[in-house]
Amino acid sequence: MITTLEQTIDQIVAAHNAYEQAKDIPPRRRADWLAEVASALEANADELVALGQHETHLDEGRLRFELRRSVFQLRLFMDEIIHGEHLGATIDHADPSWGMGPRPDIRRFSVPLGVVGVFGASNFPFAFSVMGGDSASALAAGCAVVHKVHEGHLQLALRTGAVVEEALEKAGAPAGLFSTVVGRPAAETLVDHPLVKAIGFTGSTAGGRALFDRASRRPTPIPFYGELGSINPVFVTQEAWSARREQILTGYAASFTMGMGQFCTKPGLLFAPIDDADDIAEVLHRELGTKQVSPLLSPKLREGFDKALNAVRSTPGVDVLVAGDDSEAPRPTVLATTADEVRQRPEILEQEMFGPATLVIRYRPGTDLAELAALLDGQLTATLQAEPEEDVNDLLAVLRERSGRLLWNAWPTGVTVSYAQHHGGPYPATTATTTSVGTAAIGRFMRPVAYDSFPPSQLPEPVRDDNPWQIRQRVDGVWESHTEGEAGK
């Protein structure tokens, strides 16, 4: 089952050859390939979901939702590339009266990078796996993909990969445009091989950082788009606590236990003006007592959760507010400490407990929340529970520097796929200031190229004046929409 070194190299070479054949095809044709993959995933949904149920502890509803999300994402990307949004086609005609002197004719658009190695995640067997955000956006960008499957759902990953390969073949895509590999030697080869031009990764901070460093040590370093770890703090103001205390606790309990706390956006810290931790214990016991529990997704993940939970629980100044248990399907745990303790040991804010556990930080009235927020590392999300009339500018200014998505009176679990979505953040949340969710994710696997003073006969289609692909272009500073109809055929 493990992919050999020789097999991995063969697949990388095949992917490069496929990329060379496909890198300049019209957008409509590439969109047709994505459409075929989306339809194939839908047609095989029953089989794939059944495999997911067998290999993970996720229920049918969760798995079907994830699969629908992946299909929706592919179709959203189809529309994006048909319109040429990802290309950023820009035309500056020659202008002898340009403000800084005569301007030559310059035209720019983005081209795909080449072969992309994608590492699947354990906690989302569809949404961040074989045909998840990284693979889908790389294919939409015009790249070829070699996907290193996560062995936590091996049979599902291999079958999903086969469905994708069959769909691309049916659509007429070149052989090798997408393939899967298994095992550590294959993973290392993906990062090292000179034909691989970028990596997409979702996983642990330790594993991601090791691969990131490896990619940086290459003779020619390559982009490494890694999603590593995030604690996703929630800050509750005094006014919000007074007005909505029980509602906030109820929402927090639901959010940090969603998916058994195995979401990268799980809120792991709650900063609240709590006089006595016992005052909130009753609400939390009631709310958490109703939550269904299940085993964590893999033994390795459970081992990591137990280790992290024990590390935080044994930290001086940390108390157990709601005791979980060590059963196969662990009950949720709530730990508590104070702002004073956190100031003395800020490293406690860096420990991600990936599973059903969270830490409440009690602060005194009048505490400078911006000063507490400044103790945090980079995050995917930061949530503010506040009232509309409050002045929270100082806190928001700090949180904006430390997170990729700010939420107001909402909860971070659940990341919709849309145009404005941003799923990323300062290190260690991610290794680059880009998003792995939403249409902007496509741009990670492209780079801009400018054509200066070229004759019209030598210009690529995206930046020709007659716009044969009928995409959106910016001409002399003004965006012009594509023409509806035969776009990109």
> Charged N to carboxylate O below 4.0 Å: is that the case for Glu66 and Arg62?
Replying inline: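 Salt bridge flag = yes for Arg62 with Glu66.
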
Keeping [X] on the side-chain end and [Y] on the backbone end, is there a donor-acceptor pair under 3.5 Å?
X      : Y      : result
Arg244 : Ala386 : yes
Glu55  : Leu154 : yes
Thr431 : Tyr427 : no
Thr337 : Gly317 : yes
Gln262 : Leu297 : yes

What pairs of donor and acceptor atoms, side-chain ones from residues 341-348 against any protein atom, are under 3.5 angstrom apart with sequence neighbours left out?
| from | atom 1 | to | atom 2 | distance (Å) |
| --- | --- | --- | --- | --- |
| Glu341 | OE1 | Arg345 | NH1 | 2.6 |
| Arg343 | NE | Glu371 | OE1 | 3.2 |
| Arg343 | NE | Glu371 | OE2 | 3.2 |
| Arg343 | NH1 | Asp340 | OD1 | 2.8 |
| Arg343 | NH2 | Glu371 | OE1 | 3.4 |

>> Enumerate the side chain to side chain donor-acceptor pair (under 3.5 Å) contacts for residues 188-199, please, sequence neighbours excluded, ordered by first and then second residue.
In response: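 Every side chain to side chain donor-acceptor pair (under 3.5 Å) pair that includes a residue of residues 188-199, provided the two are not neighbours, is Arg184-Glu188, Asp192-Arg214.
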
> Between Phe445 and Tyr225, is the ring centre distance below 6.0 Å?
Replying inline: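 They qualify: ring centres under 6.0 Å apart.
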
> Does Phe65 have its ring centroid less than 6.0 Å away from the ring centroid of Phe126?
Replying inline: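 Phe65 vs Phe126: aromatic centres not under 6.0 Å.
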
Check: [X]/[Y] side-chain N/O donor and acceptor closer than 3.5 Å:
X      : Y      : value
His54  : Gln155 : no
His153 : Ser129 : yes
Ser230 : Gln379 : yes

Scan the side chains in residues 265-275 for donor-acceptor partners under 3.5 Å anywhere in the protein, sequence neighbours excluded, and list what turns up.
| from | atom 1 | to | atom 2 | distance (Å) |
| --- | --- | --- | --- | --- |
| Thr265 | OG1 | Pro412 | O | 3.3 |
| Lys266 | NZ | Met353 | O | 2.4 |
| Lys266 | NZ | Gly355 | O | 3.0 |
| Lys266 | NZ | Ala357 | O | 2.7 |

>> Parallel, tilted or perpendicular, judged at 30° and 60°: which one describes the rings of Tyr252 and Phe256?
In response: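 Tilted, since the angle between the ring planes falls between 30° and 60°.
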
